[in-house]
Amino acid sequence: MVNVIWGCFIVIGVCFSFFTGQMESLNNQMLEGAGAGINLILEMMPLLVLWTGVMKIAEDAGILQKFSKLVLPVLHKLFPSLHRDDKALGYIASNIAANALGLGSAATPFGLKAMEELQKKNPKKDTATEAMVTFLILNTGGVTIIPTTVLALRMSHVSANPSEIIITSILATFCSSFFGLLLDYLLRRKKQR
Amino acid sequence: MNLLSKIIIPIVVLGITLYGFRKKVNLYESFLIGAKEGLVMTFHIAPSIIAMVFATNLFLNSDFINYFFRFLHPLFQTIHIPIEILPMAFVRPISGTASLAILNNILMIYGPDSFVGRLASTLQGCTDTTIYVLALYFGSIKVTKTGHALGVGLFADLMGILASFVIVSIFFG
């Protein structure tokens, strides 16, 4: 999928520039394009590195477990098909907590573990269970408390207040997840009838 | 609200440091390990960022969107949004790097403190790469019949886009 997008961007970009007669600027643009990518990385790197450092302290202090415990009661309500002590719920909680704290690389293994646990009790191995679908909708909502890359990008473009979008992002995420879960719930109920 | 958003990061950093003290974490050691992971991560994502910035710049500068989505112009003009937000919303569920590259472009042209800059920043933060995540997680356990996961996931993304617009309008007018 990413493959297709990348290819299309280049093919469309080049062909259309030819078509509109911007051939000469295209040459410079291509050479500048790679440089712009490097600049972006260099500008974002300091904040990213700083933040992974701070979050490592949080991780070592056990904040992940604390957070997981906080979200667990909500998860019981969202996953009625899972037993209260189901191992999968623990992994799901850790996944959501790691995502919220911006520990993306820690989140994925928990998520994959959760899917594995859910699959063990799946009667039809090629078909997604209700819990799997709900979990992924929750996961793709992508609740992140501090969106580091966006902040770094806004800083590099000299924003007067880079972090002003944190609150709007959290609210928007909340809306998106809420409507996703609501539709999921309604579809599940419809199927049960 | 403005003050809150300005102090949220210092407060989080302070909170984590104090909590680390209380839990007797070796703060400095932990920070160094984390920072190193961050450096490695940056190098890992560097090639894809270069690739995506390169391709999206070519695409956006070619005027393709302006040309083919001209019919949408009046609509976008009445709500005061530049049309660049369209490809960003479109690629967001597929590739986080591609949408980041478009965000970079938007911030460069319109500035981070413009309405569009704030809207695009919120968009980037409010959802994850739905299609990529579904492919990764379902692929890992070889589930092929995914029910309504994709449909609902994309519906949630759409709601996120609409919510971003409404919320940014309310907060920043």
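Lettering of chains follows the sequences in order, A, B, ..., and the numbering in each one begins at 1.
Within the 4.5 angstrom heavy-atom criterion, no atom of Ala135(B) approaches chain A. Interface residue Leu40(A): only side-chain heavy atoms are found under 4.5 Å from chain B. For a residue to count as touching a neighbouring chain, one of its non-hydrogen atoms must lie under 4.5 Å from one of that chain's; by this rule Phe172(B) touches chain A with the side chain only. With a 4.5 angstrom heavy-atom cutoff, Ile8(B) touches chain A only via side-chain atoms. Contact annotation for Gln29(A): only side-chain heavy atoms (C-beta onward) come within less than 4.5 Å of a heavy atom of chain B. Only the side chain of Met55(A) comes within contact range of chain B, judged by heavy atoms closer than 4.5 Å. For a residue to count as touching a neighbouring chain, one of its non-hydrogen atoms must lie under 4.5 Å from one of that chain's; by this rule Lys145(B) touches chain A with backbone and side chain alike. Heavy atoms of Thr108(A) lying under 4.5 Å from chain B belong to its backbone as well as its side chain. Interface remark: Val12(B) contributes side-chain atoms only to the contact with chain A (heavy atom separation under 4.5 Å). Proximity to chain A (any heavy atom under 4.5 Å) is restricted, for Val25(B), to the side chain, taken from C-beta onward. Contact annotation for Leu118(A): neither backbone nor side-chain heavy atoms come within less than 4.5 Å of a heavy atom of chain B. With a threshold of 4.5 angstrom between heavy atoms, Phe64(B) approaches chain A through its backbone and through its side chain. Only the side chain of Lys66(A) comes within less than 4.5 Å of a heavy atom in chain B; its backbone stays farther off. Heavy atoms closer than 4.5 Å to chain A are found in both the backbone and the side chain of Ser121(B). Heavy atoms closer than 4.5 Å to chain A are found nowhere in Ile170(B), neither backbone nor side chain.
In Tyr19(B), the OH atom is crowded: over 12 heavy atoms of neighbouring residues, nucleotides or ligands sit closer than 6.0 Å. The local environment of OH in Tyr185(A) is sparse, with at most 12 non-hydrogen atoms from other residues, nucleotides or ligands closer than 6.0 Å. In this structure, Lys125(A) places its NZ atom where more than 12 heavy-atom neighbours from other residues, nucleotides or ligands lie under 6.0 Å away. The local environment of CZ in Phe71(B) is crowded, with over 12 non-hydrogen atoms from other residues, nucleotides or ligands closer than 6.0 Å. The environment of CE in Met155(A) is sparse: at most 12 heavy-atom neighbours from other residues, nucleotides or ligands sit within 6.0 Å.
Comparing Leu134(B), Asn61(B), Thr146(B) by how many heavy-atom pairs each has under 4.5 Å with chain A, the most go to Asn61(B). The most heavy-atom pairs under 4.5 Å with chain A, out of Val40(B), Asn57(B), Val168(B), Leu100(B), come from Leu100(B). Among Ile57(A), Leu48(A), Val133(A), the residue making the largest number of heavy-atom pairs under 4.5 Å with chain B is Ile57(A). For chain B, the option among Asp184(A), Leu182(A), Thr134(A) with the highest count of heavy-atom pairs below 4.5 Å is Asp184(A). Interface check for chain B: of the options Pro147(A), Ser159(A), Gly37(A), the most heavy-atom pairs under 4.5 Å are formed by Ser159(A). Note: Ile63(A) leads Thr20(A), Ile146(A), Ile63(A) in heavy-atom pairs under 4.5 Å with chain B. Of all the listed residues (Val11(A), Ile166(A), Ile12(A)), the one sharing the greatest number of non-hydrogen pairs under 4.5 Å with chain B is Ile12(A). Comparing Phe135(A), Trp51(A), Phe16(A), Phe19(A) by how many heavy-atom pairs each has under 4.5 Å with chain B, the most go to Phe16(A). Contacts with chain A were tallied for Asn104(B), Val91(B), Leu39(B), Thr17(B); Asn104(B) has the most, counting heavy-atom pairs under 4.5 Å. Taking Leu58(B), Val143(B), Leu32(B), Val53(B) one by one and counting their heavy-atom pairs under 4.5 Å with chain A, the maximum is reached by Val143(B). Ranked by non-hydrogen atom pairs under 4.5 Å with chain A, the options Tyr132(B), Phe21(B), Phe54(B) are led by Phe54(B). Ranked by non-hydrogen atom pairs under 4.5 Å with chain A, the options Tyr67(B), Tyr28(B), Tyr137(B) are led by Tyr137(B).
A donor-acceptor pair under 3.5 Å is absent between the side-chain atoms of Glu130(A) and the main chain of Arg188(A), judged by distance alone. For the pair Thr52(A) (side chain) and Gly34(B) (backbone), a donor-acceptor distance under 3.5 Å is present. In this structure, Asp128(B) contributes its side chain and Thr130(B) its backbone to no donor-acceptor pair below 3.5 Å. A donor-acceptor pair is defined here as one N or O able to donate and one able to accept, closer than 3.5 Å; no such pair exists between the side chain of Glu117(A) and the backbone of Lys87(A).
A side-chain donor-acceptor contact under 3.5 Å links Ser99(B) and Gln124(B).
Remark: Phe165(B) CZ to Thr168(A) OG1 distance equals 13.5 Å, nearest 0.5 Å. Atom CZ of Arg118(B) sits about 7.0 Å away from atom CZ of Arg154(A), to the nearest 0.5 Å. Expressed to the nearest 0.5 Å, how far NE2 of His83(A) lies from NZ of Lys121(A) amounts to 9.5 Å.
Contact check on Lys23(B) versus Asp60(A) returns no salt bridge, with no Lys/Arg side-chain nitrogen under 4.0 Å from an Asp/Glu carboxylate oxygen.
Minimum interatomic distance between Ser176(A) and Cys126(B) (heavy atoms only, all atoms of both residues): OG-O, 4.4 Å.
Linking ILVMFWY residues whenever their side-chain heavy atoms come closer than 4.5 Å, directly or via other members, places Ile106(B) and Phe115(B) in the same cluster.
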